[in-house]
Amino acid sequence: MSKIKQIYLRTSGGMGIPIEGEVEIDALPQDLARRVQRVLAPQRLDRIAKRPRSSIPDQIAYELVLPSEQRPEPRVYAFEESQADDDVLDVLDELTARIVEATFRARKEARGMAENAPNPSPAGAALVQETLFSMPDAENLEDEGQEGDASL
Amino acid sequence: MTHIHRHPVHCILPPHMLEAIKMRGDAKQRRMAERIEKEADAARKARAAAAPERAHLGTPAFAGPAPALPNREVYNGGYKRELPGRLVRKEGDPPSRSKLVNTVYDLTGKVFEFYLKEFKRNSIDGQGMTIISTVHHRRKYSNAFWNGRQMVFGDGDGVLFKSFVDLSIIGHELTHGVVQFSGGLTYQDQSGALNESLADVFGVMIVQYAKKQTAAEASWLVGEELFTPEVEGDALRSLRAPGLAYDDDILGKDPQPYHMSFYVSSCTDYGGVHINSGIPNHAFYLLAQYLGGYSWEKAGQIWYQAMQSLRNPKATFADWADMTVQTAWQLFGAGSFEMAMTRRAWKLVGIPV
């Protein structure tokens, strides 16, 4: 059985707000990496995904994509919280937390870079302003439509 | 003092069932249905005379000899998955040492009061069902759900989400139970999105009721207190502006549409139940704005009575829109302002009735 090298994870956490991202297994602490190999073994995920589904409102649904060197297509598993075992949920929770942490780190770094960037020249600022005001803003148009709807 | 004698049957048989008996029953059954209708009509008139401003509410959904009182149980899940966990506080117990347990106890009491006072509904099933809640479910669990028997609340991961113990969330989850005991809506595609929408609509109405806010004053947000300051967003969902509740580089942009033209066909989330709920959510918001005042007094009554009459677990948005217009007609009369505005609200989200 080949080792899992990478996982793409998507959860419908937080009452339907999805969180998704990629995790490189070799970059994880050794203990967690070993648990991933053991707990998220394809045969086991197959069994979990085949268990009967329930229709519990707002429960978390998981989608896992596991690329494989031996197959052209990745393995894809979809299951709900109520189908999974405790140790599977624990590992998925840890991976989700790592995805969130990594994205936070990247955001902080990007903000740090933006704060340290030199101020644009007056000409540059004018150009940015002109571009902003000449571009149609889909979001504002949408908002306008809704506000319009609300008034008789 | 006026005494209204209730017929034991007219409190149980809904109007549509009486209509069916009149159409398909034998002579004796038809006479019974007509008699019950007359008595119900007399009782309605007496109530209307006693409280004209509440006259449109019609026959209460329950009537029993015992006063309707809440029966709450709050459990500590101990950060494990097993439910319900360890019982910490039950009805009538003094406050617990846990602030969270006391908050859930108080807020579930507020939701019970809302359904009882405004919709004459005695708890989740209309029969005084015990309201069971579990807090501290799993570790850093960022979610809340209704599992068919009870509500479950996570503490949040502390990074994106705070605790899910929030009045709009409790109202949302408890309403999933109300939907279940009102005929149910299959949790898939449009019927699933209606299930989610009803949970959102009653969740925000409960917050407005607790804050005594009119439709114009309210924020119309679900889960307003849920995000940590790190998240760029106001709440989980917005009924006023579906699609604009949050825009964050981790959570992404709120994907909710407000119009059928933007309906999302999705393979995930049971066919996008948390996404397309934005459409009926926005229709309710528009109606509440048109009718003014407190949302639960007219718009909420239309939605609640329609939920009781629907009896179609696979209902589409169009089925639901039809039912709300029909209910507005029954509650407020043909050609009434309320009925016209219900149709207009649906038209503006792309569902002509």
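Worth saying up front: this structure is predicted, and the values here are computed from it rather than measured. Lettering of chains follows the sequences in order, A, B, ..., and the numbering in each one begins at 1. FYI, side chains are in, hydrogens and waters are out, and symmetry mates aren't considered; it's all heavy atoms of this structure.
Counting heavy-atom pairs under 4.5 Å between each of A:Arg10, A:Glu81, A:Glu80 and chain B puts A:Glu81 at the top. Your options are B:Gln180, B:Glu196, B:Lys80, and the one with the most heavy-atom pairs under 4.5 Å with chain A is B:Glu196. Heavy-atom pairs under 4.5 Å with chain A peak, among B:Asp157, B:Leu160, B:Val152, at B:Leu160. Chain A forms more heavy-atom pairs under 4.5 Å with one residue of B:Asp249, B:Leu251, B:Leu226 than with any other, namely B:Asp249.
Proximity to chain A (any heavy atom under 4.5 Å) is restricted, for B:Glu173, to the side chain, taken from C-beta onward. Using a 4.5 Å cut-off between heavy atoms, A:Glu101 makes no contact with chain B at all. Residue B:Gln188 does not touch chain A at all, counting heavy-atom pairs closer than 4.5 Å.
At most 12 heavy atoms of other shown residues, nucleotides or ligands fall within 6.0 angstrom of atom CZ in B:Arg343. Annotation for A:Gln30: atom CD does not count as buried by contact number, only 12 or fewer foreign heavy atoms lying within 6.0 Å.
At least one side-chain heavy atom of B:Asp248 sits under 4.5 Å from a side-chain heavy atom of A:Arg107. Side-chain atoms of A:Ile99 and B:Ile250, non-hydrogen and from C-beta on, never get closer than 4.5 Å to each other. Here the side chains of B:Arg139 and A:Glu94 are not in contact, with every heavy-atom distance at 4.5 Å or above.
Annotation: residues 55-64 of chain A contacts chain B through A:Ser55, A:Ile56, A:Pro57, A:Asp58, A:Gln59, A:Ile60, A:Tyr62, A:Glu63 [non-hydrogen atoms, separation under 4.5 Å].
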Listed pairs under 3.5 Å, donor-acceptor, residues 21-28 of chain A side chains, sequence neighbours left out:
unit_1	atom_1	unit_2	atom_2	d
A:Glu22	OE1	A:Gln6	NE2	3.3
A:Glu24	OE2	A:Gln6	NE2	2.8

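Ion pairing between B:Arg138 and A:Asp93 holds under the 4.0 Å rule for side-chain N and carboxylate O.
Rounding to the nearest 0.5 angstrom, the gap separating the OG atom in B:Ser142 from the CD1 atom in A:Ile17 is 10.0 Å.
B:Arg81 pairs in a salt bridge (Lys or Arg N to Asp or Glu O under 4.0 Å) with only one of the listed residues (A:Asp87, A:Asp85, A:Asp90, A:Asp86), which is A:Asp86.
Contact between B:Asn143 and A:Met15 at its shortest, heavy atoms only, is OD1-N, 2.9 Å.
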